[in-house]
Number of protein chains: 2
Amino acid sequence: MAKTLVELLSHKRDGGTFTGDEISRLIQAFTSGEFADYQASALLMAIFLRGLDDAETVALTEAMLHSGKVLALPDVHGIKVDKHSTGGVGDKVSICLAPLVAACGVPVPMVSGRGLGHTGGTLDKLEAIPGFNVNLSAEDFAKAVAEIGTSMIGQTAEIAPADKRLYALRDVTATVECIPLIVASILSKKLAEGIDGLVLDVKVGQGAFMKSEAKARELAEALVRVGTRAGKKVVALLTRMDAPLGLAIGNANETREAIELLHGKGPADLLECTLVLGAEMLVIGGKAATVDEARSKLLAAIADGSARRTMEKMIVAHHGDPRVVEHPELLTMAPAKYEIHAAADGFVIGINALELGLVGVSIGAGRTRADQAVDHAVGIDLVKKPGDSIKLGEVVAVLSLQVGQAHEAAVARIAAAYTYGPTAPEALPLVAGRITA
Amino acid sequence: MAKTLVELLSHKRDGGTFTGDEISRLIQAFTSGEFADYQASALLMAIFLRGLDDAETVALTEAMLHSGKVLALPDVHGIKVDKHSTGGVGDKVSICLAPLVAACGVPVPMVSGRGLGHTGGTLDKLEAIPGFNVNLSAEDFAKAVAEIGTSMIGQTAEIAPADKRLYALRDVTATVECIPLIVASILSKKLAEGIDGLVLDVKVGQGAFMKSEAKARELAEALVRVGTRAGKKVVALLTRMDAPLGLAIGNANETREAIELLHGKGPADLLECTLVLGAEMLVIGGKAATVDEARSKLLAAIADGSARRTMEKMIVAHHGDPRVVEHPELLTMAPAKYEIHAAADGFVIGINALELGLVGVSIGAGRTRADQAVDHAVGIDLVKKPGDSIKLGEVVAVLSLQVGQAHEAAVARIAAAYTYGPTAPEALPLVAGRITA
């Protein structure tokens with residue numbers, strides 16, 4: 001006889017393993033309301049403490065995926081590949097990466113998120129483009145991917161709704177930091193895009209969700225194992241997130257920086273992050289045999305302007321103003337400027353990314369609750385990064401705020417986020433590891 | 001800085017220990033609604049898997065106790081002692097025990113429960129007495145205990161409301177069978193009676209909540225340790241519950257059997273159970289120096305009719321008809337009688353108490369949901385018990401149903417609950433263990 005829902009709860013509580021059918025029944029019952037929130041949260045805690053093996057995680061991914069719609073992309077040809085990042089400070093990679101990879105012939109159907117806590121969100125950054133609508137219908141999304149090669153939308157209510165509700169429960173029940181639950185949450189949303197391959201950017205460091213390399217590697221390995229079992233081509237890169245990525249932290253300034261990268265003017269770390277992820281996508285997408293060949297193609301698509309043309313078309317498809325691509329200075333920042341000055345002679349040896357992310361939230365560039373609005377025009381522009389030499393009193397960063405907005409605390413916090421020393425720090429490579437199936 | 005509620009959840013999730021203040025904050029937040037049901041159920045699962053130590057269990061008991069009112073018994077003199085049973089089949093001990101112990105001079109303020117699942121409830125049995133009202137006000141309850149020595153009421157909404165809501169959550173989240181949670185639930189309700197001492201009847205066996213003696217002993221020991229730390233005099237007895245206690249299973253017939261015991265006509269096992277528990281109560285209550293002396297006093301209170309007089313007064317205080325005490329035959333059963341016959345010659349070697357409890361539910365003497373009504377007049381009267389010799393075809397039990405009520409399944413199940421053998425089974429003592437501080 002099939003177990004009751006409460007018996008399934010006891011089963012995991014006692015360290016048992018679920019069959020695929022059992023997980024499917026639980027998620028269906030949760031979706032229908034038969035398995036209540038307070039039962040689901042007990043299950044989440046039991047899973048946190050007892051774990052899920054890979055087969056269970058695949059089943060949970062697929063059950064959440066099928067709690068909603070899988071986007072149909074019937075007219076998109078080729079191997080569809082997306083990128084997912086676990087989130088960092090100054091991480092605007094998606095905005096330049098999607099049109100760049102699409103310009104090289106790999107379709108990129110991308111469903112992105114909003115910022116929450118110290119990490120920003122691609123949707124908020126895109127909305128800094130005048131008129132840009134992240135809420136295209138599934139049909140318009142499919143049409144844009146087919147015709148332009150990419151489109152970037154928000155998670156609709158139809159995509160993995162069980163994941164959305166479970167995530168909200170995890171957030172308030174201390175069950176977020178659980179690798180199989182993180183894996184199923186990420187993959188269920190990404191697989192709902194109808195992709196064939198996925199490149200994962202698992203951030204590691206003080207500005208990342210995963211502070212330790214061991215934990216980040218564990219997550220990356222689980223994502224690759226489970227994604228592969230679910231039939232997708234998956235590669236994960238561990239990339240360092242100690243200092244912010246690039247120079248801009250905010251929304252309009254981050255989008256501007258991403259567009260500038262497509263003009264060949266991106267900061268070195270942002271360019272490197274975009275190229276390493278894009279190269280994996282091109283290889284998975286069958287448009288390059290090696291990552292070296294792929295890097296050449298990506299750089300060519302920047303140099304010949306084809307990435308910018310793709311970005312313009314994508315912006316038009318989203319009802320935005322495409323002039324920002326040739327004129328990124330149109331993405332203006334708030335007028336009240338406050339300079340932050342170096343506290344020593346010597347070198348910048350570190351910038352606390354987590355702290356700058358939190359300052360971003362405090363000035364209104366980010367949010368602490370999902371229902372808060374953001375101000376796209378406020379933010380921080382770094383002038384000096386780790387390894388740069390500085391003189392006492394030199395400008396290291398500029399804070400942009402609205403007129404009349406309190407600035408003292410933010411200026412002090414940004415200043416304190418910088419650390420200085422007499423010698424340049426050792427430059428670590430951006431990529432700390434690469435995980436494949 | 002004090003931990004947030006979600007941080008408290010993480011703390012227990014990771015195997016931490018709560019301070020008394022932290023437990024108090026959690027229960028207050030749960031009572032006020034700030035800590036939601038779905039958060040509480042995650043906490044319950046974390047507690048199930050990580051445990052609570054004795055200090056935490058005391059704190060939880062007291063926090064739940066103080067989520068409601070503690071009954072004030074200002075005019076009751078002496079050491080107030082109650083009994084709590086973990087529940088069994090045919091367990092009508094409270095009904096004869098409370099007036100018997102009160103007649104010996106120990107005040108017994110008793111808050112009882114209703115039947116749920118295979119175990120019956122004292123309130124349902126008392127309501128078989130015409131007019132008996134289990135819902136006295138707190139004032140009338142206090143007055144009855146002061147004047148008569150005992151009163152038996154139901155748990156009001158004011159008594160340990162946090163326990164009531166937590167119990168409902170445990171029931172649907174597979175977190176019932178957790179010793180510290182069971183201990184805190186039992187003790188919070190009993191301590192709300194304003195008692196000084198408590199005798200616990202922890203049933204063990206196939207008809208009990210705890211099937212194994214090791215598990216029952218673990219529960220009994222935890223109850224005694226925690227109750228003692230909470231400042232009460234506590235003794236626990238482990239008593240066997242393999243066959244039903246006494247001969248009657250139902251409501252009116254169980255109350256009749258309890259009253260008959262006060263006439264000196266109780267079945268041996270029911271009398272023994274009443275005397276061993278009552279003796280502990282008299283010793284705790286300071287009315288006897290030893291359990292042997294206490295047993296003599298209890299038997300004297302049966303023989304001289306003083307227990308029956310106390311019971312009559314208690315029934316009057318509850319607006320019931322006191323004539324049932326001298327005429328227990330007034331507690332009539334339903335008219336349709338069905339005999340169950342022995343399937344072999346030899347001896348009854350066992351009666352499956354759990355199965356008879358479930359038959360009781362199926363015929364309407366019990367309930368599976370808290371909002372169901374019971375029929376006080378239906379039930380099972382055993383004629384033969386384990387150890388009795390029988391002849392093939394002899395009547396072993398009688399089922400009483402309402403006219404027209406389906407009987408075939410119940411008759412078959414009762415017949416199948418009896419097992420027979422060629423020799424009498426070894427008679428085990430009722431008491432399997434005694435635990436004191």
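Owing to the predicted nature of the structure, the values given are computational and were not obtained by experimental measurement. Reminder, nothing fancy here: chain letters follow the sequence lines and each chain counts from 1. Hydrogens, waters and symmetry mates are skipped; everything else that's a heavy atom, side chains included, is used.
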inquiry  = I need the residue from A:R50, A:E177, A:R13 with the largest number of non-hydrogen atom pairs under 4.5 Å to chain B.
reply    = A:R13
ask   = More than 12 non-hydrogen atoms from neighbouring residues, nucleotides or ligands closer than 6.0 Å to NZ on A:K69, yes or no?
value = no
remark   = For B:S10 and A:A174, the nearest pair of non-hydrogen atoms, with its separation, is OG-CB, 3.4 Å
Selection from A:D37, A:D171, A:V172 maximising heavy-atom pairs under 4.5 Å formed with chain B = A:V172
task = Drop me the distance from A:T175's OG1 to B:Q39's CD, to the nearest 0.5 angstrom.
result = 10.0 Å
task = Taking atom NZ of B:K164 as the centre, report whether more than 12 heavy atoms of other residues, nucleotides or ligands fall under 6.0 Å from it.
result = yes
ask   = If you take all heavy atoms of B:T173 and A:L9, which pair is closest and at what distance?
value = CA-CD1, 3.6 Å
key: pair A:L49-B:M45: side-chain heavy atoms closer than 4.5 Å   = no
ask   = Among A:V6, A:L43, A:L44, which residue forms the greatest number of heavy-atom pairs with chain B at distances under 4.5 Å?
value = A:V6
